[in-house]
Amino acid sequence: MTDPALSSLIDRAGLDKSKVRQIIGRGLEGADDGELFLEYRQAEVLAFDNGRLKQATYDTAQGFGLRAVKDEAVGYAHASDLSEGALARAAEAVRAVKGGHSGKYAEAPGRTNQKLYSDENPLGEPSFETKVKLLEQIDAYARAKDPRVRQVTASVAATWQVVEILRADGESYRDVRPLVRLNVSVVTGDGDRQESGSHGFGGREGYARFIETHSWQGAVDEAVRQALVNLDAVAAPAGEMDVVLGAGWPGVMLHEAVGHGLEGDFNRKKTSAFAGLMGQRVAAKGVTVVDDGTMQSRRGSLSIDDEGTPTNRTTLIEDGILVGYMQDRQNARLMGMKPTGNGRRESHAHVPMPRMTNTYMLAGGHEPAEIIASVKNGLYAVSFGGGQVDITSGKYVFQCTEAYKIENGKVTAPVKGAMLIGNGPTDLHRISMIGNDFALDPGIGTCGKNGQGVPVGVGQPSLRMDRITVGGTA
């Protein structure tokens, strides 16, 4: 069987390309836009828990999705059976959405020679035995770190995806996408009290970086450190106070509370708190937020999106002013804007929609120590876990997995149970200091929207936010 990285997925399925193009043309005749999205994917997960291998899964999937776009309507049909008969049935199904509509088929996406990651299949090398040994080493190393470590869970996960996009105008696009992630979680205990910590890293690459001793030991060290900090944590204070957010992963709050509200579909439908505010001040001066899918080997990066559009570095908020939205092709056309390369889908079974890639806030001019010293009594939030956001109102609730009291300008006791409660569009105006320590997350993010999950990245410098509501247990 031919290598899917080297040959067309149509050839691999034994189909006649000319017949496939005829079927696409029939299905998309009179449509405003649309494409045939082909996918081949391999995935594996290995998990080690309580000193033994608990999970070892491998999956291969392939299929297609055919989409016809008419104004705001979308006809979509998909199947895992990549055959001429299945394609023909899909073409008849998507034709129904057009009715008597006769649109002008949109211009094809432009092209780029920029490739942001290799075609390497991480499921090939190293061997299964090497990956299991890596997890065993992680488990042993974590348990030897501190006698208070009671439980260790370690996992590696990898996917290798080949996508091919065919349009009715004859244009075609192709991308081969590796993705690897390693994660370590530990539970520490002292008497009856137990606390957890976790850390991971990942990217669009092979396994080479992940099996380097200093890399996985660094992940273990961080997970154990966090768990031991939480073991000493006191009850979190509650009330309105100044909050300092750490650099890097805390950008997940920006992603959720602000990023989703800047996706094109929510703004076209006027269900975003940012709808109708283009060109207006939506954040404090100095706040610049971008979505950048062009970063080399990053988890959220793509050489092309799932419609064939090259990804971009799109400025969303510039010095506090709203200047852009993230767009797929359909929403960009309906809003009279240009696609930004943010049309993403979880798989061939899903329609594309505007989604984030790597979303982050740019650095400012303050030293992190200066920011902390400026707060008399407040909270220093270093890491976040789960959160909830209402896109329409902008209201959010986020759980801190690592946080500390700030007392008289100094970081003091770690706290447990802190929740940040607020409103994204409102709290953007409460950013009073921006650090010079910009950092990206280590490559662990997955974003959910309308039941679809895609890999993403986040980042930010340290920030001071004034008068934020903190939910606590003290």
Side-chain angles (χ1 to χ4, degrees), residues 240-264 266-267 270-292 312-327 335 337 340 342 354 356-366 368 370-371 374-375 378-379 381 384 387 389-398 420-441 447 456-470:
E240 188 176 84
M241 63 188 73
D242 298 334
V243 173
V244 177
L245 304 182
W249 176 245
V252 68
M253 194 171 92
L254 175 77
H255 167 104
E256 294 289 356
V258 177
H260 278 297
L262 298 178
E263 291 168 336
F266 292 129
N267 287 277
K270 302 192 184 305
T271 56
S272 167
F274 294 97
L277 298 181
M278 186 66 73
Q280 298 183 34
R281 178 164 298 282
V282 296
K285 286 187 66 63
V287 173
T288 297
V289 178
V290 302
D291 183 85
D292 189 354
N312 285 281
R313 185 182 187 274
T314 303
T315 302
L316 305 171
I317 299 173
E318 187 169 19
D319 198 20
I321 306 298
L322 179 60
V323 297
Y325 296 131
M326 290 165 280
Q327 300 283 15
M335 296 180 74
M337 298 180 177
T340 57
N342 289 92
M356 285 173 272
T357 55
N358 304 297
T359 310
Y360 53 88
M361 184 185 299
L362 301 190
H366 293 280
E370 176 192 0
I371 297 175
S374 73
V375 176
L379 186 77
F384 290 100
V389 179
D390 184 311
I391 303 300
T392 303
S393 68
K395 293 179 180 178
Y396 65 81
V397 178
F398 276 92
L420 299 190
I421 304 166
N423 179 284
T426 299
D427 293 347
L428 280 174
H429 293 279
R430 298 185 176 187
I431 296 173
S432 59
M433 299 177 77
I434 303 174
N436 59 10
D437 58 338
F438 170 80
L440 291 164
D441 79 286
C447 173
V456 295
V458 300
Q460 67 173 45
S462 295
L463 303 173
R464 172 175 166 161
M465 302 177 72
D466 299 338
R467 305 184 313 280
I468 301 299
T469 299
V470 177

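Residue indices begin at 1 and follow the sequence shown.
Within the structure, every pair that satisfies the salt bridge (Lys or Arg N to Asp or Glu O under 4.0 Å) test and touches residues 242-255, not counting sequence neighbours, is listed here: Asp242-Arg464. A salt bridge (Lys or Arg N to Asp or Glu O under 4.0 Å) check over residues 421-434, counting only residues at least two apart or in different chains, returns the pairs Asp427-Arg430.
A donor-acceptor pair is defined here as one N or O able to donate and one able to accept, closer than 3.5 Å; no such pair exists between the side chain of Gln460 and the backbone of Val252. Formation of a donor-acceptor pair under 3.5 Å by the Thr469 side chain with backbone atoms of Gly422 is not found in this model.
Using a 4.5 Å heavy-atom threshold, the side chains of Met465 and Met253 count as touching. Counting only heavy atoms from C-beta outward, the side chains of Val458 and Leu254 never approach each other to under 4.5 Å. Side-chain contact between Val287 and Leu463 is absent, with no heavy-atom pair separated by less than 4.5 Å. The side-chain heavy atoms of Met361 and Ile431, taken from C-beta on, include a pair separated by under 4.5 Å. Leu362 has its side chain within reach of Val290: a pair of non-hydrogen atoms, C-beta onward, lies under 4.5 Å apart. Residues Cys447 and His260 form a side-chain contact, since some pair of their non-hydrogen atoms from C-beta on lies under 4.5 Å apart. With contacts defined as side-chain heavy-atom distances shorter than 4.5 Å, the pair Leu379/Met241 qualifies.
With values rounded to the nearest 0.5 angstrom, Met326 atom CE is found 5.0 Å from Leu316 atom CG. Of the inter-residue distances, the one linking Ile434 atom CD1 with Leu245 atom CG reads 11.5 Å to the nearest 0.5 angstrom. Going from atom CG of Leu428 over to atom CG of Leu322 covers 10.5 Å, rounded to the nearest 0.5 Å. Taken from CD1 in Ile321 to NZ in Lys285, the straight-line distance is 7.5 Å, to the nearest 0.5 Å. To the nearest 0.5 Å, atoms CG (Asn423) and OH (Tyr396) are separated by 8.0 Å. How far CD1 of Ile317 is from CZ of Arg281: 10.5 Å, rounded to the nearest 0.5 Å.
Remark: Tyr360 engages Phe438 in a ring-ring contact (aromatic ring centres under 6.0 Å, His included) (not counting sequence neighbours).
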Step by step, work out the side chain to side chain contact (heavy atoms under 4.5 Å, CB included) result for Met278 and Met335.
CA-CA 12 Å; Met278 186 66 73; Met335 296 180 74; over 6 Å; no
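Nearest heavy-atom pair, Tyr325 versus Leu277, reported as atom, atom and distance to 0.1 Å: OH-N, 4.2 Å. Nearest heavy-atom pair, Pro425 versus Phe274, reported as atom, atom and distance to 0.1 Å: CG-CZ, 3.8 Å. Smallest separation of non-hydrogen atoms from Ser462 and Pro368: OG-CB, 4.1 Å. Closest heavy-atom contact between Asp319 and Gly286: OD1-N, 2.6 Å. Nearest heavy-atom pair, Asp437 versus Ala247, reported as atom, atom and distance to 0.1 Å: O-CB, 3.4 Å. Residues Gly261 and Ser272 share a closest heavy-atom pair of O-OG, 2.6 Å.
With no hydrogens or angles considered, no side-chain donor-acceptor pair links Asn312 and Thr314 at under 3.5 Å.
Remark: of the listed residues Thr315, Thr340, Asn358, Thr357, Thr357 is the sole one forming a side chain to side chain donor-acceptor pair (under 3.5 Å) with Asp291.
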